[in-house]
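Throughout, numbering of the chain's residues begins at 1 and tracks the sequence.
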Amino acid sequence: MRRFRRLRSNESIRSLVRETRVDKGDLIYPIFVAEGENIKKPVESMPNVYQYSLDRLDEILAEISESSIAGILIFGIPKHKDELASGAYDENGITQQAIRYIKVKYPSMLIIADVCLCEYTSHGHCGVVCGHKILNDETLPLLSRMAVSLAKAGADIIAPSDMMDGRVSAIRNALDENDFADTPILSYSAKFASAYYSPFRDAAESAPEFGDRKSYQMDYANGKEALREIEDDIEEGADMVMVKPALAYLDVVKAARERFDLPLVVYNVSGEYAMVKAAAEKGWIDEKKVVSENLIAMKRAGADIIITYHALDAAKWIDEFYK
């Protein structure tokens, strides 16, 4: 008989042989910056998550800076939206302003800039629209312009999340041609058309006005296709790749880890966060323990980096996770 329990008998032994850990430096925290003044607007479907205007951004930046997490993923929410998402690549757009502000106040803070048109379009889709069709090739130049403008503002990493075919190659070429050859690309490579995104659309004010995003985001039934998407993005020049969402797609994370050796990121998305917060508020679960278990599962599946709205709480709890 094998006595597996010998290595579980007390915390010191369990800690000694523990296979998987989450560190503060594995975590990225998403922030939402809104155009305007004196804004700290709660996102009703995401407890403890807010939109901040630039003049109140220090309230969250100070906490992030003190937390020792790896960095932030930034989303901008403009006042003006139009069909060609002009605010996305405006040198004085809200996201560009926020990046410059952060780099002045917190020069060592790592900024990942999301590249997508949905927050900036009047119709809420991630690309140029003709009728009710989302146009792939016509969207690529706009994404490229957005990527370059965010890199000029000071973004450390460019993260295209739109799921247009060929966008990594287009963005890589644009960055290289504009003297940003050293700026890495984190591609949302396997981004599924998921119901888990609903609270995010409240936070980013980016719900589509018509239809859905199933013609460009992935069918959640397809795992093999996800690996083809990742492989293509790597060939096009991605430096890091992502699976999004995380929890319902850990099989894809595991398969990607076994097949590819680039840094692998998961996005613990808004719906996953909201479900934990709602159940915890009801007293149905122990929030710390469930967050710990979820984050460990992502790392165990093979993720190197976790984007999560739990990041700031997890950074406070991390020493308790393994007890």
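- Applying the side-chain hydrogen bond (donor to acceptor under 3.5 Å, both in side chains) rule to Glu138 yields no partners; only residues at least two apart in sequence or on another chain are considered.
- Not counting sequence neighbours, the partners of Ser53 by the side-chain hydrogen bond (donor to acceptor under 3.5 Å, both in side chains) test are Asp55.
- The list of ring-ring contact (aromatic ring centres under 6.0 Å, His included) pairs with a residue in residues 141-194, not counting sequence neighbours, reads Phe192-Tyr249.
- For Ser86, the side-chain hydrogen bond (donor to acceptor under 3.5 Å, both in side chains) partners at least two apart in sequence or on another chain are Asp82.
- Applying the salt bridge (Lys or Arg N to Asp or Glu O under 4.0 Å) test to Arg259 and every residue at least two apart in sequence or in another chain returns Glu231.
- Remark: Lys103 pairs with Asp156 by the salt bridge (Lys or Arg N to Asp or Glu O under 4.0 Å) rule, at least two apart or across chains.
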Ignoring hydrogens and angles, write down the donor-acceptor pairs under 3.5 Å from the side chains of residues 26-35, residues two or more places apart or on other chains.
residue, atom, partner, partner atom, Å
Asp26, OD2, Asp23, N, 2.8
Asp26, OD2, Lys299, NZ, 2.8
Glu35, OE1, Lys79, N, 2.9

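- Taking Glu63 as the reference, Lys316 meet the salt bridge (Lys or Arg N to Asp or Glu O under 4.0 Å) condition, with sequence neighbours excluded.
- Partners of Asp219 under the side chain to side chain contact (heavy atoms under 4.5 Å, CB included) rule, at least two apart in sequence or in another chain, are Ala221, Asn222.
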Which atom pairs, one a donor and one an acceptor, fall under 3.5 Å between side chains of residues 129-137 and the rest of the protein, sequence neighbours left out?
residue, atom, partner, partner atom, Å
Asn136, OD1, Asp165, N, 2.7
Asn136, ND2, Asp165, O, 3.0

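- Evaluation of the salt bridge (charged side-chain N to carboxylate O under 4.0 Å, His left out) test over residues 175-187, restricted to residues two or more places apart or in two chains, returns Arg172-Asp176.
- For the 3.5 Å distance criterion, the side chains of Tyr267 and Tyr309 qualify, holding a donor opposite an acceptor.
- Side-chain atoms of Ser149 come within 3.5 Å of backbone atoms of Met146 as a donor-acceptor pair (strictly under, hydrogens ignored).
- Looking at residues two or more places apart in sequence or on another chain, you find a salt bridge (Lys or Arg N to Asp or Glu O under 4.0 Å) between Asp304 and Arg257.
- Judged purely by distance below 3.5 Å, without hydrogens or angles, the side chains of Ser45 and Tyr273 never pair a donor atom with an acceptor atom.
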